[in-house]
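One structure below.
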2 protein chains.
Amino acid sequence: MPRGNCRGQGWWHGKFRGCGYRLTLGREVILDVLSKAEGHLSAEDIYMKIHPRYPNVGLTTIYRTLDVLSDLGMVFKLDFGDGRARYEFAEGPKGAHHHHHLVCTGCNKVIDYTDFIDDEVELLNQTEKGLSKKYNFKITNHLIQFYGLCEKCSEKK
Amino acid sequence: MPRGNCRGQGWWHGKFRGCGYRLTLGREVILDVLSKAEGHLSAEDIYMKIHPRYPNVGLTTIYRTLDVLSDLGMVFKLDFGDGRARYEFAEGPKGAHHHHHLVCTGCNKVIDYTDFIDDEVELLNQTEKGLSKKYNFKITNHLIQFYGLCEKCSEKK
DNA sequence: TTTAAAAATGGAAATCATTTTCATTAAGGA
DNA sequence: TCCTTAATGAAAATGATTTCCATTTTTAAA
């Protein structure tokens, strides 16, 4: 196994235990689904994906687990304005596949973009430093979203 | 009256009518509260402020009006993760008092910051252009929020 | 191992912000 | 002023998320 890669079966085991959380089937399954998902999943999306194979993992547990995962910083909770939260896997130590969002206010479609990210991230880091110092704020994350109309919605108008 | 300043009694009249909306007492009052508010108000905050003097403006109307105002781009709808939407007056033609947010994930306090904004905005404009072209997206707005722990919440830990 | 305390769970019920319904009222062009 | 239509309020509905609570599971200690 390549060095530095702590993925693979149960790489998050330590993270859980280290923070006093227990490792349970439900949590593993949810994390697994999230880490393999392409897009941004709602709690119910996750439930749907899990249910066929693990019918005894309830929606309540999914919400609770997503909360825990957010606290641990393993998952990022997003709001695209359609009334339900979405969750996105915060890339582990390996692949820092960072991206921001382009949200269509017409159809709620969300595009992840990874272009322009380098400049943005550099500026963000500077800004973070400045803000941290000035406001004594311990910044752990940021959210950048552009809102507008996608091609289709622009045409409909 | 200074040129270029279309504030003052009813400066939004034209905007409303121009878009086919009627000008009603409720809408004026809501807009008035928002434009004078310091922070970010929830629908209920607005209701509370309005109710004593205008007890016949219902919460439903507030929600409906906020929707309209969002569509018109006169108000920006925000989510700070506490389950209720906040609304912020999108500065009119006069005072472009642009700011971004610093959100404490511990106590949900929100700090508006206006420092670093210039550089950020410049970069954002470039990014917007690039994204607009690449994805054929008509960008109308952006949201930048930093998440972390404020001083107090850091200490509690 | 076995055991016991604590954490985690699921299902049902509760919550609560936001929407919808619908009968009534008000805005504004003719 | 009159008339069409948008806007409104109150109450009911909705729907995502939380809470409750009795039961099960995890894990550390014996």
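By convention in this document, chain letters (A, B, ...) are assigned in the order of the sequence lines, proteins followed by strands, and residues within each chain are numbered from 1.
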- prompt: Side-chain donor-acceptor pair under 3.5 Å between S42(B) and D45(B), yes or no?
  reply: yes

query: How many Å lie between CZ on F16(A) and C1' on dA8(C), as a whole number?
result: 12 Å

field: Protein-nucleotide distance (I62(B), atom CD1; dT18(C), atom C1'), rounded to Å
entry: 13 Å

query: Does the separation of the ring centres of Y113(A) and H101(A) fall below 6.0 angstrom?
result: no

query: Can you name the salt bridge (Lys or Arg N to Asp or Glu O under 4.0 Å) partners of R64(B), sequence neighbours left out?
result: none

field: Note, F16(A) side chain near V68(A) side chain (heavy atom, < 4.5 Å)
entry: yes

field: For L149(A) against C153(A), the heavy-atom pair lying closest together
entry: CD2-CB, 4.0 Å

task: In whole angstrom, give the distance that lies between atom CG of N56(B) and atom C1' of dA26(C).
output: 12 Å

message: Side chains of H99(A) and E88(A): any donor to acceptor distance under 3.5 Å?
response: yes

message: Measure CG/D79(A) against P/dT18(C) and give the value in whole Å, please.
response: 11 Å

message: Counting primed atoms plus P, OP1 and OP2 as sugar-phosphate and everything else as base, spell out the protein contacts along nucleotides 19-30 of chain D at 4.0 Å heavy-atom distance: B, S or - for each nucleotide, 5' to 3'.
response: BB-----BSS--

task: Could you tell me whether the phosphate oxygens of dT17(D), OP1 or OP2, come under 4.0 Å of any side-chain nitrogen or oxygen in Y63(A)?
output: yes

message: With a 4.5 Å cut-off on side-chain heavy atoms, are C104(B) and F137(A) touching?
response: yes

- prompt: Just by distance, with hydrogens left out, do E120(B) and H100(B) show a side-chain donor and acceptor under 3.5 Å apart?
  reply: yes

query: Residues two or more places apart in sequence or in another chain: which of them pass side-chain hydrogen bond (donor to acceptor under 3.5 Å, both in side chains) with K129(B)?
result: none

query: Given atom CG of L59(B) and atom P of dC16(C), what is their separation to the nearest angstrom?
result: 15 Å

query: Looking only at heavy atoms, which two atoms of Y21(A) and R27(A) are closest? And how far apart?
result: CB-NH1, 3.7 Å

- prompt: Looking at DNA chain C, which of residues 47-54 of chain B put a heavy atom within less than 4.0 Å of it?
  reply: none

Side chain to side chain contact (heavy atoms under 4.5 Å, CB included) involving E128(B) - partner list, sequence neighbours excluded: F146(A), I139(B), H142(B)

task: Provide, to the nearest angstrom, the distance between the CG atom belonging to L41(A) and the C1' atom belonging to dA16(D).
output: 16 Å

field: Of residues 66-77 of chain B, the positions that come close to DNA chain C - non-hydrogen atoms, cut-off under 4.0 Å
entry: none

- prompt: According to a strict under-4.0 Å criterion, is R84(A) in side-chain N/O contact with OP1 or OP2 of dT17(D)?
  reply: no

